[in-house]
Amino acid sequence: MNALKKSVLQAKKTASVLALLSAEQKNAALRAMAASLDAASSKVLTANRLDVDAARKKGLAAPLLARLALDAAKLKNIAASVDAVAKLEDPVGRVLWERQRPNGLCIRKVSVSLGVILIIYESRPNVTADCMALCLKSGNAVILKGGSEALRTNQAMFEALVKGAVRSGIPKAAFQLVGSSGRAAVKELLSMEDVIDLVIPRGGEGLIREVAKISKIPVIKHYKGVCHVYVDKEADLAKAERIVVNAKTQNPAVCNALECLLVDESVAKKFLPSLGLALAKKKVEIRADEKARPLLSGAKKASEKDWGAEFLDLILAVRVVKGLDGAIAHIEKYGSRHSDAIVTENKKNAELFTNTVDSSAVFVNASTRFNDGGEFGMGAEMGISTDKLHARGPMGLEELTSYKYVVLGDGQIRA
């Protein structure tokens with residue numbers, strides 16, 4: 001048996017132990033993990049600087065570099081997110097519903113841990129901490145397969161977090177960080193359907209499609225975040241400008257950032273020139289259609305491929321559409337079912353948009369950047385799913401559980 005298989009089997013053995021941990025035990029461990037990560041700040045940041053320098057020399061794309069880089073404030077927030085999970089309700093052992101049958105049977109639907117979860121991710125070291133915290137709180141063992149570009153950072157964070165967990169009585173084997181790189185290790189992991197219960201890939205579209213293609217284990221996925229904001233003819237335009245600028249520029253390298261702006265033709269002349277100036281101050285490159293381009297100073301001509309693009313950068317596609325129907329048709333054709341928003345003061349238009357647009361989160365008068373587990377009050381998240389089975393939207397603690405039926409009787413037999 002090779003080392004990779006052995007480590008996964010060790011995690012599997014701890015799953016039954018984790019599933020029976022009390023909320024108090026898990027919360028104490030999470031607080032210890034957060035404190036341990038804080039204490040290791042200098043070591044983690046040193047490791048991260050080495051990773052960032054190496055990645056820059058290799059020519060890693062700017063959006064990925066932005067995701068990879070840590071500073072003291074970011075690391076403090078990561079530790080705080082681990083601590084925040086301790087404050088959330090325990091998702092395991094909840095009675096989801098209960099029914100008393102005429103024959104006297106009591107049937108309960110009870111939430112349970114999934115078992116062993118494999119996370120395959122790129123660039124983002126915060127995933128290491130978020131996933132370890134969420135898996136522990138939901139009673140799951142976790143296998144972490146990070147990208148080679150963050151190897152040192154992930155290792156330093158992992159060691160600090162495990163130290164805190166073990167100090168609180170959590171089995172060390174419940175957390176496994178796969179150090180081997182390359183496709184062979186990933187392919188082997190994705191063939192372990194008898195040991196691993198769920199795979200969650202976090203990264204670019206290429207990674208996610210490759211995982212979904214070869215995995216023998218169920219996969220929770222989102223391929224890309226082509227997020228839209230539609231400015232309706234009855235929008236508050238000052239409100240719309242704030243939302244668009246925030247959704248595009250607050251953090252352009254993430255999946256819930258705005259990629260395409262749709263503007264009703266009746267307000268385009270009034271709205272777009274001012275918006276263009278605001279975006280120019282943020283150094284946003286605009287790629288616009290024939291109707292929008294004359295209204296946006298310095299805008300480039302949009303091509304067909306720009307409408308379905310996930311730029312993950314300070315680039316925005318802009319299109320003028322014929323009303324709400326035009327916006328919905330565009331999103332249906334080019335969207336990725338991730339995050340889409342309408343800005344309007346018309347309640348009927350807002351309701352039609354939210355009822356028609358089939359995305360994991362649909363917003364009214366708010367930035368798409370809020371499609372996030374922390375912003376939804378879930379604490380940290382495992383990622384955002386655009387699937388419809390088993391989970392959709394931010395994957396928090398509840399989405400890391402399944403359920404079973406517990407049937408209580410007193411000698412009943414079926415006639």
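If you read the sequence from its start, that first residue is 1, and numbering goes on from there.
- In this structure, the separation between OG on S168 and CE on M33 is 9.0 Å, given to the nearest 0.5 Å.
- Around atom OH of Y403, no more than 12 heavy atoms belonging to other residues, nucleotides or ligands sit under 6.0 Å away.
- Annotation: the span from S123 atom OG to E149 atom CD amounts to 4.0 Å, rounded to 0.5 Å.
- In this structure the side chain of L261 reaches within 4.5 angstrom of the side chain of L275, judged on heavy atoms.
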* T368 and N256: side-chain hydrogen bond (donor to acceptor under 3.5 Å, both in side chains), yes or no, with the steps? -> CA-CA 6 Å; T368 57; N256 57 18; 5.8 Å; no

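- The side-chain heavy atoms of N27 and K137, taken from C-beta on, include a pair separated by under 4.5 Å.
- By the 4.0 Å N-to-carboxylate-O rule, E285 lies close enough to K300 to be salt-bridged with it.
- There is a side-chain donor-acceptor pair under 3.5 Å between D264 and Y230.
- A distance of 10.0 Å separates CD in E210 from CD1 in I120, rounded to the nearest 0.5 Å.
- A salt bridge does not link K74 to D71: none of the charged side-chain nitrogens sits closer than 4.0 Å to a carboxylate oxygen.
- Checking N371 against S360 by side-chain atom types alone, a donor-acceptor pair falls below 3.5 Å.
- Note that CG of L21 and CG of L136 are 7.0 Å apart. Values are rounded to the nearest 0.5 Å.
- C255 pairs with exactly one of R202, H338, K224 by the side-chain contact (heavy atoms from CB on, under 4.5 Å) rule, that one being H338.
- Considering I196, V219, D197 in turn, I196 is the only one that fulfils the side-chain contact (heavy atoms from CB on, under 4.5 Å) rule with L118.
- A pairwise comparison of heavy atoms in I220 and L198 identifies CG1-CD1, 3.7 Å as the closest pair.
- You'll find the side chain of S81 reaches within 4.5 Å of the side chain of D130, heavy atoms only.
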Name the atoms and distances for all side-chain donor-acceptor pairs under 3.5 Å in residues 57-69, with sequence neighbours left out.
{"from": "R67", "atom 1": "NE", "to": "A253", "atom 2": "O", "distance (Å)": "2.6"}
{"from": "R67", "atom 1": "NH2", "to": "A253", "atom 2": "O", "distance (Å)": "2.5"}

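- Nearest heavy-atom pair across S274 and E241 is OG-OE1, 2.8 Å.
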* To do: Take L262 and I331 through the test side-chain contact (heavy atoms from CB on, under 4.5 Å) and record every step on the way to the result.
  => CA-CA 9 Å; L262 306 172; I331 294 169; 3.9 Å; yes

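- Taking CG of L400 as the reference point, atom CG of L114 lies at 6.5 Å (rounded to 0.5 Å).
- Looking at every heavy atom in both residues, L312 comes nearest to E259 through N-OE2, 3.0 Å.
- The minimum heavy-atom distance linking A185 with K145 is given by the pair CB-CE, 4.4 Å.
- K248 places a side-chain heavy atom less than 4.5 Å from the side chain of V284.
- Annotation: the span from L277 atom CG to K282 atom NZ amounts to 14.0 Å, rounded to 0.5 Å.
- Side chains of R167 and K163 form a contact here, defined as non-hydrogen atoms less than 4.5 Å apart.
- Using modelled atom types and a 3.5 Å distance limit, the side chains of N140 and S113 yield no donor-acceptor pair.
- Not one N or O on the side chain of D232 forms a donor-acceptor pair closer than 3.5 Å with the backbone of A235.
- Between the side chains of S367 and N246, a donor-acceptor pair is found at a separation under 3.5 Å.
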* For R31 and D83, run salt bridge (Lys or Arg N to Asp or Glu O under 4.0 Å): C-alpha distance rounded to whole Å, both residues' side-chain angles, the deciding distance at 0.1 Å, then the answer. => CA-CA 5 Å; R31 288 190 289 269; D83 187 72; 5.6 Å; no

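- For the residue pair S336 / E310, no side-chain donor-acceptor distance below 3.5 Å is found, with atom types taken as modelled.
- Inter-residue side-chain proximity for F353 and V364 is flagged as unmet; no heavy-atom pair is nearer than 4.5 Å.
- Salt bridge annotation for R337-E332: present, with a cationic side-chain nitrogen under 4.0 angstrom from a carboxylate oxygen.
- In terms of heavy atoms, L18 sits closest to A174 at CD1-CB, 3.6 Å.
- Judged by distance alone, the side chains of S359 and D340 do bring a donor and an acceptor atom under 3.5 Å apart.
- With 3.5 Å as the limit, one finds no donor-acceptor pair spanning the side chains of N365 and T344.
- Between R392 and E399 no salt bridge is recorded (no basic side-chain N to carboxylate O distance below 4.0 Å).
- Note that R319 lies in the cation-pi zone of W307, set by a 6.0 Å cut-off to the ring centre and a 45° limit from the axis.
- S7 and Q10 form no side-chain donor-acceptor contact under 3.5 Å, judged by distance and modelled atom types alone.
- Between the side chains of E304 and Y334, at least one donor N or O sits under 3.5 Å from an acceptor N or O.
- A salt bridge does not link K347 to E351: none of the charged side-chain nitrogens sits closer than 4.0 Å to a carboxylate oxygen.
- Closest of all the heavy-atom pairs between A129 and M157 is CB-CE, 3.8 Å.
- Counting only heavy atoms from C-beta outward, the side chains of L296 and V318 approach each other to under 4.5 Å.
- For E375 and R369, the salt-bridge test fails: no basic side-chain N is under 4.0 Å from an acidic carboxylate O.
- At most 12 heavy atoms of other shown residues, nucleotides or ligands fall within 6.0 angstrom of atom CZ in R101.
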* Would L190 and K216 satisfy side-chain contact (heavy atoms from CB on, under 4.5 Å), going step by step from the backbone distance to the final call? -> CA-CA 6 Å; L190 294 175; K216 295 181 180 179; over 6 Å; no

